[in-house]
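Shown next, in structure tokens, is the structure this report addresses.
Here the structure is a predicted model, which is why all the values come from computation and not from measurement. Both ligands and their constituent atoms are indexed starting at 1 by order of listing. The chain is numbered in sequence order, starting from 1.
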Amino acid sequence: MKFGTKAIHAGVEPDPSTGAIMTPIYQTSTYVQRSPGDHLGYEYSRTHNPTRTALQNSLAALENGKHGICFSSGLASVDAILKLFSPGDEIISTNDLYGGTYRLFTKVFEKYGLKFHFVPMADTQSVEEKINENTKLIWTETPTNPMMNIVDLKALGEVAKKHQILFGVDNTFASPYIQTPLDLGADIVMHSVTKYLGGHSDVVMGALVVNDDELAQRLAFIQNACGATPGPQDCFLVLRGIKTLHIRMERHCQNGKTIAAYLKNHPKVAKVYWPGFEDHPNHAIAKKQMKDYGGMISFTLVNNQLEDAKKVMEGFKLFSLAESLGGVESLCGHPASMTHASIPKEEREKVGLVDSLIRLSVGIEDAEDLKNDLAEALAQLGSD
Ligand SMILES: *Cc1c(COP(=O)(O)O)cnc(C)c1O
């Protein structure tokens with residue numbers, strides 16, 4: 001089955017009791033048993049819920065995986081992965097990681113004895129240098145947030161395999177429409193379902209997809225034992241969102257391309273970070289592993305003034321200033337003070353995350369209107 005057909009059909013069966021074509025919201029905590037242990041596969045909704053099962057199967061199909069496991073947020077899904085490990089285990093991750101994941105690693109799990117190394121992951125060699133007998137996981141994002149660096153998933157997958165280390169990829173920014181890391185050697189794909197998969201800025205959720213049966217079982221054990229599971233209503237909303245994932249992504253990518261090109265030629269813009277540019281340092285890898293380049297764009301302003309960045313963001317009429325991304329509506333964010341505020345300034349600036357950096361999540365509105373919004377907001381900076 002091709003992607004668009006999977007988005008609409010995978011994992012979803014007509015409801016066995018009524019024939020309802022849409023998976024019902026099974027708003028129930030428990031299920032009646034005929035006799036102790038004699039049930040229909042559902043006992044308690046932390047463990048299993050039919051609406052969640054449909055969503056988990058749909059997500060697995062979209063990522064070309066066997067097992068989907070949903071959590072109450074993207075970070076809860078990363079938390080579940082970390083609970084696979086024991087004190088003394090080491091994890092190698094990218095140095096421009098999503099701020100919330102960085103915080104979870106360093107502020108929560110370091111004190112339980114896990115050790116984290118942060119390296120520039122676009123350079124595969126830098127990963128190999130940190131590997132030792134305690135290394136248990138390589139963790140990356142691509143494109144990275146917010147610098148839009150591209151990590152070579154196939155090359156990293158080979159490194160992980162050679163050393164028998166788990167390889168996990170946060171695929172939130174790309175979505176499975178753009179890339180499917182399991183096909184490139186990843187063992188675990190993670191999503192903040194909150195973003196493109198949900199797609200309508202109305203749900204917070206996370207998911208993992210894996211192929212290995214034993215790994216799936218261990219993660220499902222943690223899902224049930226720790227209990228950070230999503231409710232059925234949220235699962236329904238995401239199932240509904242997924243039905244238009246391919247159409248939405250097509251437009252996000254198209255608008256992303258238009259807006260990136262517009263910004264690149266704007267006299268008030270210093271630098272534009274978007275993997276679709278031929279002069280992006282890892283464009284060749286992006287071209288190889290991504291079907292398209294997405295709607296996430298970061299840019300900096302000439303003179304790099306925080307005040308100018310604020311003025312631009314306050315001046316937008318369509319790009320709403322808000323955390324998050326991947327919804328149908330365009331958003332803008334200021335990583336230095338919002339998503340990445342928990343990363344020390346020197347660390348941030350080392351990777352180019354300067355004070356005037358603005359991140360856009362380009363929505364699926366008409367591109368002309370988005371361009372006009374940018375034009376008007378940037379015009380406030382005057383000419384000097
Ligand atoms: C939002 C986000 C997360 C965290 O997901 P939540 O659903 O907010 O918990 C993790 N990784 C990336 C890349 C994200 O954008």
(request) Scan side-chain atoms only and decide if His67 and Gln217 contain a donor-acceptor pair under the 3.5 Å cut-off. (result) no
(message) What's the separation between atom CG in Leu378 and atom CG in Leu301, rounded to the nearest 0.5 Å?
(response) 7.0 Å
Every pair of nitrogen or oxygen atoms between ligand 1 and the protein that is under 3.5 angstrom apart - can you list them with their distances to 0.1 Å?
unit_1: ligand 1; atom_1: 5 (O); unit_2: Ser192; atom_2: OG; d: 3.0
unit_1: ligand 1; atom_1: 7 (O); unit_2: Gly74; atom_2: N; d: 2.9
unit_1: ligand 1; atom_1: 7 (O); unit_2: Ser192; atom_2: OG; d: 2.8
unit_1: ligand 1; atom_1: 7 (O); unit_2: Thr194; atom_2: OG1; d: 2.7
unit_1: ligand 1; atom_1: 9 (O); unit_2: Gly74; atom_2: N; d: 3.0
unit_1: ligand 1; atom_1: 9 (O); unit_2: Leu75; atom_2: N; d: 2.8
unit_1: ligand 1; atom_1: 11 (N); unit_2: Asp170; atom_2: OD2; d: 2.6
unit_1: ligand 1; atom_1: 15 (O); unit_2: Lys195; atom_2: NZ; d: 2.8

(request) Would you please indicate yes or no on a ring centroid separation below 6.0 angstrom for Phe85 and Phe109? (result) no
(request) Could you grab the distance from atom CG of Leu62 to atom NE2 of His191, nearest 0.5 Å is fine? (result) 8.0 Å
(request) Look at Glu368 together with Lys371 and state whether they make a salt bridge at an N to O cut-off of under 4.0 Å. (result) yes
(request) Could you list the residues that satisfy side-chain hydrogen bond (donor to acceptor under 3.5 Å, both in side chains) with Glu329, not counting sequence neighbours? (result) Ser201
